[in-house]
Amino acid sequence: MLDINLIRDEPDMVKKAILDRGMDTEVADVDGILELDSRRRALLVEVEELKRQRNVAGDEIAALKKEGGDTGPIVDRMREISEHIKGMDAEVREVEAGREALMLDIPNTPHESVPVGPDETANKEIRIWGEPPRFTFEPRPHWEIGEALDILDFKRGAKIASTRFTLLKGAAALMERALINFMLDLHTREHGYTEVFPPILANRKSFEGVGQLPKFGDDMYWCRDDDLSLITTAEVPVTNIHRGEVLREEELPRKYVAYTPCFRREAGSYGKDVRGIIRQHQFNKVEMVKFVHPDASFDELESLTTNAEEVLKRLDIHYRVMCLSTGDLGFAASKCYDLEVWMAGTGEFKEISSCSCFTDFQARRANIRFKPAGGGKPRFVHTLNGSGLAIGRTVAAIMESKQLDDGRVVVPPALQPYMGGMTVIE
RNA sequence: GGAGAGAUGGCCGAGUGGACGAAGGCGCACGCCUGGAGAGCGUGUGGGCGGCUUAGCUCCGUCCCGUGGGUUCGAAUCCCACUCUCUCCGCCA
């Protein structure tokens, strides 16, 4: 959620940000907000004056009673005023709710360094690392390799659950587990993150806090009886660790890393990535989340991205870093880098990590603040998160990049200690 | 799942429907005292919204005692619902 003061003071800037994102200002209704906002303030002035009168009268009544005076007339008058207040309070609530509802549709404003463009075609390549592996044979996609090695079982995954669920067997299951441990170790031991293992179900407030609700409700698996949903990403529970809290400035930045399974209905992506393990309803992910000082947030985005990249470097997999354009940027993000990994089997780059800076957009919604060390009012922290990395896609990338002509797959050296010394999957 | 107890400021803890943003204590900050520290004394010590003014964060108003409703001229206090915590019983990896 944006700061209402920003919308009041610089409505044109906010509107431009909406248009740059390719959104409609009918949907993101800045003028509507301004109108409701000024109505709200006018009502407040009026009703607060009435409340003041009520408070004064309260004292008078108390004093009169003590002296045994007649409170009848003043009580009658206040009865009327109280009725009036009740009505106006309801009106204020209504106007306020309307304003809030509209404000939830206003996206974050992109950082000035974000390329302006309509969609992903305007994304800008920031850097590229390594080179695509060269093969003396026609490289195969991971689903063919995995089925041939009998380590990816799509049929049985579908039998147990449904399509987009895969049964991992043997070396694939082991590699999945190894990657989780490898990434957690890297980020905790070398990058200074604190490991957490959060609840995998979260409540409505937690989803609202990070901006997943109301927008992405269709993509979530709800447990209706309990009003809980399976998490779509660890961002949800981890960012909400500090919901409603006031941190001390000295505690910033706070850096967490979590492994969790993630669950997405993938509504509306029928026909996309139907083969393989790229797009699953259930997948594993190691996620980094930071709570930082507002002055540091964009530097923190750079280091967060670097932390995610380090995983791919150590696995020796070719990738590039893209800065998302305004048209491709997530609703709550001010700036976002995607790490795209080279899928040797299909010859394309595939998103494997998304590192975003949300400025105070999430913190305002989730009410996460810090107390300035020098005193003064609490301020909103800035939040960031990034995958470090998506596990299943990493498995797929390794299988495709490290495949041999005989169908075997070489285990990257960094991963071998985590796989009991296994060097080749065969 | 059953029975009970509870939720008040950074923490502990009091609070007969009008004196309560809230006693008292602890903590913290500043000042006095001290060679220095401690003790002692004094002062201060939450947040949201709005207004004024315009940038002073001083002033004024309003709201906040788990959350949301209700009763009342007036609610921390009475009523209802919900959430959470604790204890006991049952079940369970």
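Every chain is numbered from 1 and lettered A, B, ... according to where its sequence line falls, protein lines coming before strand lines.
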Side chain of [X] (C-beta onward), nearest among [options]:
X        : options                : value
A/Arg93  : B/rG69, B/rC63, B/rC49 : B/rG69
A/Arg41  : B/rG18, B/rG51, B/rG47 : B/rG51
A/Asn55  : B/rG50, B/rC63, B/rC73 : B/rC63
A/Lys371 : B/rG48, B/rC73, B/rG46 : B/rG46
A/Arg8   : B/rC63, B/rG47, B/rG50 : B/rG50
A/Lys377 : B/rU71, B/rG48, B/rC73 : B/rG48
A/Pro378 : B/rG47, B/rG61, B/rC73 : B/rG47
A/Arg40  : B/rG47, B/rC49, B/rG61 : B/rC49

A/Lys313 NZ: over 12 foreign heavy atoms closer than 6.0 Å: yes
Does [N] have OP1 or OP2 sitting under 4.0 Å from an N or O in the side chain of [X]?
X       : N      : result
A/Lys86 : B/rU71 : yes
A/Arg52 : B/rG50 : no
A/Ser82 : B/rG74 : yes

Considering Watson-Crick and G-U wobble pairs with both distances under 3.5 Å, what does [N] pair with?
N      : value
B/rA93 : none
B/rA81 : B/rU67
B/rG27 : B/rU45
B/rA76 : none
B/rG56 : none
B/rC86 : B/rG4
B/rC32 : B/rG40

Report which part of the nucleic acid [X] touches: base, sugar-phosphate, or nothing (heavy-atom distance under 4.0 Å, all strands).
X        : answer
A/Arg77  : nothing
A/Arg369 : sugar-phosphate
A/Ile61  : base
A/Asp76  : nothing

Closest approach of A/Ile425 to A/Met422 (non-hydrogen atoms, all atoms of both residues): CG1-SD, 4.0 Å
Shortest non-hydrogen contact between A/Glu176 and A/Val395, atoms and distance: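 Closest pair (atom of A/Glu176, atom of A/Val395, distance): OE1-CG2, 3.5 Å.
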On a whole-Å scale, what distance lies between the [atom1] atoms belonging to [N] and [M]?
N      : M      : atom1 : result
B/rG6  : B/rC60 : P     : 39 Å
B/rG38 : B/rC79 : P     : 49 Å
B/rG21 : B/rC65 : P     : 11 Å
B/rU67 : B/rA7  : P     : 13 Å
B/rG66 : B/rU77 : P     : 8 Å
B/rG47 : B/rU8  : C1'   : 15 Å
B/rG9  : B/rA23 : P     : 12 Å
B/rC59 : B/rU53 : C1'   : 9 Å

Quick one: [X] [atom1] to [N] [atom2], roughly how many Å, whole number?
X        : N      : atom1 : atom2 : value
A/Lys205 : B/rG66 : NZ    : P     : 15 Å
A/Ile74  : B/rG18 : CD1   : C1'   : 13 Å
A/Ile81  : B/rU62 : CD1   : P     : 13 Å
A/Leu50  : B/rC73 : CG    : P     : 17 Å
A/Arg99  : B/rG50 : CZ    : P     : 7 Å
A/Ile4   : B/rC49 : CD1   : P     : 11 Å
A/Glu245 : B/rG47 : CD    : P     : 16 Å
A/Glu48  : B/rC63 : CD    : C1'   : 8 Å

Test log, rule side chain to side chain contact (heavy atoms under 4.5 Å, CB included), inputs A/Thr260 and A/Val238: CA-CA 10 Å; A/Thr260 69; A/Val238 178; 5.9 Å; no
Do [X] and [Y] have side-chain atoms, one donor and one acceptor, less than 3.5 Å apart?
X        : Y        : answer
A/Tyr259 : A/Glu195 : no
A/Arg54  : A/Ser82  : no
A/Asn108 : A/Thr359 : yes

Residue closer to the 5' end of RNA chain B, A/Gly58 versus A/Val75 (nearest nucleotide): A/Gly58
Along RNA chain B (nearest heavy atom to each residue), the more 5'-positioned of A/Lys51 and A/Glu80: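 The 5'-side residue here is A/Lys51.
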Close side-chain approach of A/Ile278 to A/Met343, heavy-atom, < 4.5 Å: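 They are in contact (side-chain heavy atoms under 4.5 Å apart), so the answer is yes.
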